[in-house]
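Scroll down for the structure; my scribbles are underneath it.
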Protein chains: 2
Amino acid sequence: MLQPAANSSKEAVISKLKQRGERLTIQRLLVIDALCTLGGHQTVHDIHQHLHQHSTDLTEPTIYRILQWLKDAETVSQTDLGHSGIVYELLGTNRHHHLVCLSCGAVIDVDDSVMASLREHLRQEYGFEPRIDHMAVFGMCRACHNQQ
Amino acid sequence: MLQPAANSSKEAVISKLKQRGERLTIQRLLVIDALCTLGGHQTVHDIHQHLHQHSTDLTEPTIYRILQWLKDAETVSQTDLGHSGIVYELLGTNRHHHLVCLSCGAVIDVDDSVMASLREHLRQEYGFEPRIDHMAVFGMCRACHNQQ
DNA sequence: GTCGGTGCAAAAGCTTTGCAAACCG
DNA sequence: CGGTTTGCAAAGCTTTTGCACCGAC
């Protein structure tokens with residue numbers, strides 16, 4: 001199976017962080033590399049395991065700290081998918097969101113365009129600059145809703 | 001200070017649950033009463049403390065179980081407000097959402113109408129029945145955004 | 001009376017923290 | 001070199017679970 005199109009090239013992420021004057025350690029580069037290689041959203045545990053399989057064993061606290069740092073640098077999103085846990089993803093060109101079915105647990109991808117009007121509304125009505133990077137919306141998928 | 005208008009009267013909640021054939025125990029009634037009295041969104045800890053002050057000491061596991069039950073019965077919403085923790089609120093007529101500032105932590109109320117277009121979009125484009133009861137949107141409030 | 005809910009205590013996560021050693025720039 | 005970051009180990013906190021007893025209907 002083909003790898004899904006990478007959201008961000010490793011190089012682009014790194015140069016962005018350098019421009020911000022961020023400090024780049026081996027461990028930070030490893031986490032960025034893991035996120036690029038795995039593609040899509042990943043849990044802390046996923047990242048830890050991936051690194052372990054490549055015989056580079058960062059501790060989980062370190063991974064938490066690095067993800068927090070990437071989040072502060074507006075380079076990864078953090079999303080609570082409910083039962084699927086908290087996931088992290090590099091912010092790139094392929095911005096999208098998820099619908100999570102409360103009944104069957106399905107996770108459906110949706111395009112960022114569904115958020116355009118909400119974003120505009122919050123900016124104009126409330127002067128609020130939303131950071132809707134990777135949102136999870138809960139509800140019932142078509143199949144479960146019909147069944148019920 | 002005036003109590004904010006109750007979202008739901010205790011009686012309305014109870015009759016709804018009875019209609020659904022739900023079993024009503026003293027503990028369940030106490031949690032519903034606490035949510036009505038306190039008004040607005042509350043953490044598990046808030047509810048526990050409120051009951052404690054009224055010399056009725058439910059254990060926290062029981063409160064978790066009751067809130068889960070109320071959630072399944074579509075009678076309370078559950079929202080993760082970030083640093084302010086996970087909060088529960090009775091679903092009533094006064095449906096609203098929150099903007100949470102990532103910089104100063106401010107929590108701003110917004111009317112449910114901001115979600116109308118998103119809800120419609122998800123229903124029509126994806127056949128998904130969203131349950132956007134009480135959502136938290138993260139970002140920067142006007143003041144913090146201007147400062148930066 | 002029966003099925004389901006609660007209390008208690010304990011465990012299970014997941015995430016954070018403190019400190020000494022290592023390292024980036 | 002100086003200030004940061006990491007590793008390690010440990011604690012913290014919220015939430016869940018098992019089981020015997022109790023209570024609603």
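Labels below follow one simple rule: chain letters A, B, ... track the order of the sequence lines, proteins then strands, and each chain is numbered from 1. Bear in mind that the values here come from a model prediction, so they are computed numbers and not experimental data.
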- Taking only the side-chain nitrogens and oxygens of B:Thr62, find out if one of them lies under 4.0 Å from OP1 or OP2 of C:dG7. yes

- Nearest listed nucleotide, side chain of B:Thr59, among C:dC24, D:dT6, C:dC8: C:dC8

- Item | Whole angstrom value for the distance that separates C1' of C:dT6 from CG of B:Leu29 | 14 Å

- Message: Do B:Leu51 and B:Ile86 land in one hydrophobic cluster if side-chain heavy atoms of ILVMFWY residues count as linked below 4.5 Å?
- Response: yes

- Query: Does A:Thr59 offer a backbone N or O that forms a donor-acceptor pair with the side chain of A:His48 under 3.5 Å?
  - Reply: no

- Message: Check the orientation of A:His134 and A:His98. Use parallel for under 30°, tilted for 30 to 60°, and perpendicular for over 60°.
- Response: perpendicular

- Hey, does the side chain of A:Gln27 come within less than 4.0 Å of C:dC24's phosphate (OP1/OP2), counting only N and O? no

- Round to a whole Å and report the spacing from CG of B:Leu30 to P of D:dG23. 14 Å

- Note on the structure: When rounded to whole Å, the CD1 to C1' distance for the pair B:Ile66 and C:dT6 reads 8 Å

- For the pair made of OH in B:Tyr64 and C1' in C:dC8, what is the distance, rounded to whole Å? 16 Å

- Message: Quick check for you: among D:dA24, D:dC8, C:dG7, whose closest atom lies nearest to any side-chain atom of A:Arg65?
- Response: D:dC8

- Nearest-neighbour nucleotide for the B:Arg23 side chain, C:dT16, D:dG23, C:dT6 considered: D:dG23

- Task: Using a heavy-atom cut-off of under 4.0 Å over every strand shown, decide if A:Arg28 touches base, sugar-phosphate, or nothing.
- Result: sugar-phosphate

- Query: Roughly, in whole Å, what's the span from NE2 in A:His48 to C1' in C:dC14?
  - Reply: 14 Å

- With respect to the side chain of A:Thr25, which nucleotide from D:dC8, D:dC25, D:dT5 is positioned closest? D:dT5

- Note on the structure: Contacts of B:Glu22 and B:Ile86 projected onto DNA chain D by closest heavy atom; the upstream (5') one is B:Ile86

- Please report the closest heavy-atom contact between B:Trp69 and B:Leu17, naming both atoms and the distance. CH2-CD1, 3.8 Å

- Message: Between the side chains of B:Arg119 and B:Asp112, is the shortest nitrogen-to-carboxylate-oxygen separation below 4.0 Å, so that they form an ion pair?
- Response: yes

- Note on the structure: Rounded to whole Å, CG of A:Leu67 lies from P of D:dT6 at a distance of 11 Å

- Query: Quick one: A:Glu60 CD to C:dG13 P, roughly how many Å, whole number?
  - Reply: 12 Å

- Tell me: CD1 of B:Ile14 to C1' of D:dA24, nearest whole Å? 15 Å

